[in-house]
Amino acid sequence: MAVVVPMSLREAVDALAANPGALVLAGGTDAMVEINDGHRRVGHAGSPEVVVAVDRVAELRSWTLDPGGSRLTIGAGVTYTELMEEPLASFVPALAEASRTVGSPQIRNAGTLGGNLGTCSPAGDGLPVLSALDAEVHLAGATGTRTVSVHDFMVGVKQTVLAPGEIITAVTVPLLDGWQGYSKVGVRNAMVIATASACLAVDQPTRSVRIALGSVAPTIVRAPEAESFAAGHVDWGAGHVDPATAGEFGRLAAAAARPIDDHRSSAAYRRHAIDVMARRLLERAFRGADPT
Amino acid sequence: MSIVETPRVTRTEAPVRDGVIGRSPLRPDGIAKVDGSFQFSSDLHAEGAAWGATLRSPHPHARIVSIDVSKAWKIDGVDAVITAADVPGKATYGLIAHDQPVFASDVVRYVGEPVAAVAADHPETCRRALEAIDVVYDELEPLLDPEAAIAGTHPPIHPDGNVVRHQRIVRGDPDATGEVVVEGTYEIGMQDQAFLGLEAALAIPDSGGGGVELHIATQWLHEDRGQIAACLGLPEDQVRLVLGGVGGAFGAREDISLQVHTCLLALRLGKPVRMAYDRAESFLGHVHRHPATIWMRHHATADGEIVKIEARFVLDGGAYASTSSAVLLNAVTHTQGPYRCPNAVVDGWAVRTNHLPCGAMRGFGVVQACFAHESQMDRLAEACGRDPVEIRLRNVMRTGDPLITGQVVESVAPVERCIRETAALPLPDEPIGGRDADPMRLPGGAGRTADVGHVRRGIGWGVSIKNLMYSEGFDDYSTARCRLADGRVTLKFATAEVGQGFVTIAGQIARTILGVDDVDLARIDTGVGSAGSTSASRQTWMSGGAVDAACRQVRERLFEHVADLHGLDPLQLEIDGTDVVDTLGDLRVPVAAATAGQVFDETVEYRHRPTVDLDENGQGDCHVAFAFVAHRAVVDVDPELGLVKVVQIATAQDVGRALNPLSVIGQIEGGIAQGLGLAVMEEIVQVDGRIRNANFTDYLLPTMLDMPPVVATLVEEPDPQAPLGAKGVGEPPCISSTPAIVAAIRDALRDDAGRARPLVRVPVRPQDIALSGTASPDG
Ligand SMILES: Cc1cc2nc3c(=O)[nH]c(=O)nc-3n(C[C@H](O)[C@H](O)[C@H](O)COP(=O)(O)OP(=O)(O)OC[C@H]3O[C@@H](n4cnc5c(N)ncnc54)[C@H](O)[C@@H]3O)c2cc1C
């Protein structure tokens, strides 16, 4: 088994072009667990012979704001800890909140947004935020680069459109003008996989509300009926939402969930949790202030 | 963590030395465990050692049609492949009944049962060798319902049958009734010990052939040795055990796991072999806490005095007996809790199923009983219109009261004091979320699911009684050797140090009794008599008693020697600080000087008083002694999402005498964390006999954000029956903390009419709180 440590995106792409089956390793917080558990193998017959460790690729570890200040491009190698720091935390508050829910400080120091996408678990905490923001995912391979919508990027449980030899370079999200936040239910108060999660983002200028749900379907799902209901029923002028509207919004969001029963929770509870979280998120967004 | 301690009166003629009884010297291995330099069993190595690994059954119940190991042999680097056919001695082992095969030969009875083992040059080679072993199974119908085992509707899954033990207790008038009757059926899930320092061993065969030396993280070296030697077909003196570094145990290291396999491979190869489990294998490789279903019905007078308790216990022991019969004994004999109860009818079953085997875990059957009896006490309080503290005080047991087994409680029994002192501890002085309304401090924590307005606070109580030491006629003695020479003491014992701190208090005892400051601890191994198991909260009492007695004998020799030299009566000599003094004269000799050039060496076996088996009506003095504790929990609950945040645990624990207060506090905090885990998150989930969460991603343990501050009072009433006045303190903290937390959750969920929610199952899951209708079959 060989480990390639590229220092630039060019080198990384070349290394992958030369070894299309290689394992891309970023923070390793998913990949190493899978290797240690024997779910994933490297250096054996029928498994990748080469590991491309991308954590020193400067381009992946940086972010840029477009000149108009309306779109933020975050390198795939940016860590959760970095997403929680300013100014990124103010640019995309929901992503900072979601990052704060990921694992422990050690995991947040190593784990990356690109790795979250690469794994594409329905419980990935970065993903509902990217979905709510209609993020674009930038990919690079030997034959060039391409950009896909995050909705198209996610195909199924741990399945993406990533082609062999392709690397995720960055994601681009719009900077919205409006409240946004993230909620996640798990069975303990920290360091836990989401049994259900939701990201809500408001865009005042377009009077739109977006809500994306995690851990309740094979991939992250949006709740379009809830979104259009909210857009039509929120008191945009007063910045207020009445309890009946919030309640109906929760019910519609829950109706968009397609949860399963498993050893972590029941489908019924997951759906219920989406109902409650969606309602509370909308109330937080439109009763404005209560910071807690 | 804020700690409230009872003031202690100490004799202060001379300044108290630091390392003596009643002080809190630090653990000798503490720093090493924190900075990572401590050598755990898995860090052991030997020149040229091969690696061993285990092939395990993928089926809960199947007949083995054939095992073909030929392909494994062909892999480069494979040194040995062994199966049941290669076990030279006894084919089975076990702590009470020897019913568990070293390797399954004809039938596998649980997912994870060992079928074969390999040794090779590298763990990766081992892995490939295991994959290359071809086992053909014929799947059988698994027995997964304990009631079917009791009803006899499933064919026996083991030659010993499907019922491991049935025990009845009938006390007083079985037809007695009370004006108030409350009943409930309670369920306890399967908890894992989840210790640090996974199972690991190094076996080194003797160079001349014959015997073997095993370095192993275990709870009881001598018991292991007996079982291992029998399976190896060797005399016991050819099997020597040395304690490897242990991270924790909590009962999971009482049974044999990889001991026999490692020795077999080493003897087969004539070279050292290491084996080590990873976390997933550890879940399969050791026994767990028994899942239980307990029905209880309490009869009481209108003002809440217990008249009679009826109960039925069903413990799922899994595939092999392990200590199930003793766990059942503990469960049924603790039905009443720390309360008086004149009449009782109790029926208990421990059965075999094709689930993971269950055995010892901290609390040992009493955890299950306590969740039921404390839930019942709260129901009784509601039915009688009393508060939870009142109802408990109304019924508290005292020294001299008889148990439902007829045994009289001779131990110091400060139950009332534990309750009152707990009640006197301050409640949290901060509102929900804390003064700064930090979302991290709300239920849901980092997930930011709740705002302050969504959260309600509840308070709940749990009080418990726990037997100390082994029961039912078992002679679980302990041995210690004390050697005093040139002012230095060397202590030798086989007491497994599993984190409880015996290595700290052993030195404290010697320093106190012999007036020396320098105490060396010899290697912990089978080179001295048995110490019994590090379990049942017994080592402070038993091995503490043995070290105490050995030191006292050495002190007698020392006094004789000094008396001889100075023409005195040894009876008039005493240790004062680090000197030998004549209580009737002026003589004062430093112990160091008095022992120069002298060697005093004594070995003592300490025994507790004898106990007896229960008769068919569950009557008999089966337990040695008892300890008590009260817990009060304050819990914030988000009723809609079913998430909880334990805010504070207050506790007053009957410790007899705190030999090392810091160590006692460590046991209290750790035990409460484990009790909290059972209350709200820890459970091994098995579906169709297959474990679904054999990892720490899905088997959740409390984090720092889940563990609340603990305020503790040590109730110190030295027990005259305990050699040092000190009771075991390890188990009580995890026993009644669980029901206290659940009671607090119920309290927070009271409806407008003040009715609490039943919540009859632990761990309480978010859906049990949030979705009405799933919480309770009978509520
Ligand atoms: C203890 C623990 C707790 C955790 N808690 C959480 C949690 O609360 N929430 C959560 O969402 N996740 C959690 N995780 C999972 C993990 O931390 C995240 O999914 C993280 O985002 C993975 O990032 P990484 O950089 O470590 O990815 P890696 O493990 O390095 O890679 C993950 C996958 O993505 C691929 N990959 C990585 N980078 C790229 C790239 N640039 N281009 C193409 N493919 C790439 C890899 O090949 C691999 O398949 C936890 C993990 C652990 C060990």
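Computed over heavy atoms, backbone and side chain alike; hydrogens, waters and symmetry mates excluded. Just so it is clear: chains get the letters A, B, ... in the order the sequence lines come, proteins before strands, and each one is counted from 1. Please read all numbers here as calculations on a predicted model, not as lab measurements.
Proximity to chain B is absent for every atom of A/Ala194, based on heavy atoms less than 4.5 angstrom apart. Neither the backbone nor the side chain of A/Arg271 comes within contact range of chain B; no heavy atom of the residue lies under 4.5 Å from a heavy atom of that chain. Both the backbone and the side chain of A/Arg100 come within less than 4.5 Å of a heavy atom of chain B. In this structure, the portion of A/Val192 lying under 4.5 Å from any heavy atom of chain B is its side chain and not its backbone.
Interface remark: of the candidates A/Arg270, A/Lys184, A/Met277, A/Met191, A/Lys184 forms the most heavy-atom pairs closer than 4.5 Å to chain B. If you tally non-hydrogen atom pairs under 4.5 Å between each of A/Val187, A/Thr101, A/Asn36 and chain B, the highest count goes to A/Val187. Ranked by heavy-atom pairs shorter than 4.5 Å toward chain B, the options A/Gly38, A/Ser183, A/Ser104 are led by A/Ser183.
In this structure the side chain of A/Asn189 reaches within 4.5 angstrom of the side chain of B/Lys645, judged on heavy atoms.
Taking a cutoff of 4.0 Å between a charged side-chain nitrogen and a carboxylate oxygen, A/Arg280 and B/Asp638 qualify as a salt bridge.
Separation of atoms CG (A/Asp37) and CZ (B/Arg279) is listed at 12.5 Å; rounding is to 0.5 Å.
Not a single donor-acceptor pair under 3.5 Å links the side chain of B/Arg448 to the backbone N or O of A/Tyr182.
Summarising the local packing, CG of B/Asp35 is surrounded by more than 12 heavy atoms from other residues, nucleotides or ligands at distances under 6.0 Å.
In terms of the side chain to side chain donor-acceptor pair (under 3.5 Å) criterion, B/Thr697 has no residue partners (sequence neighbours excluded).
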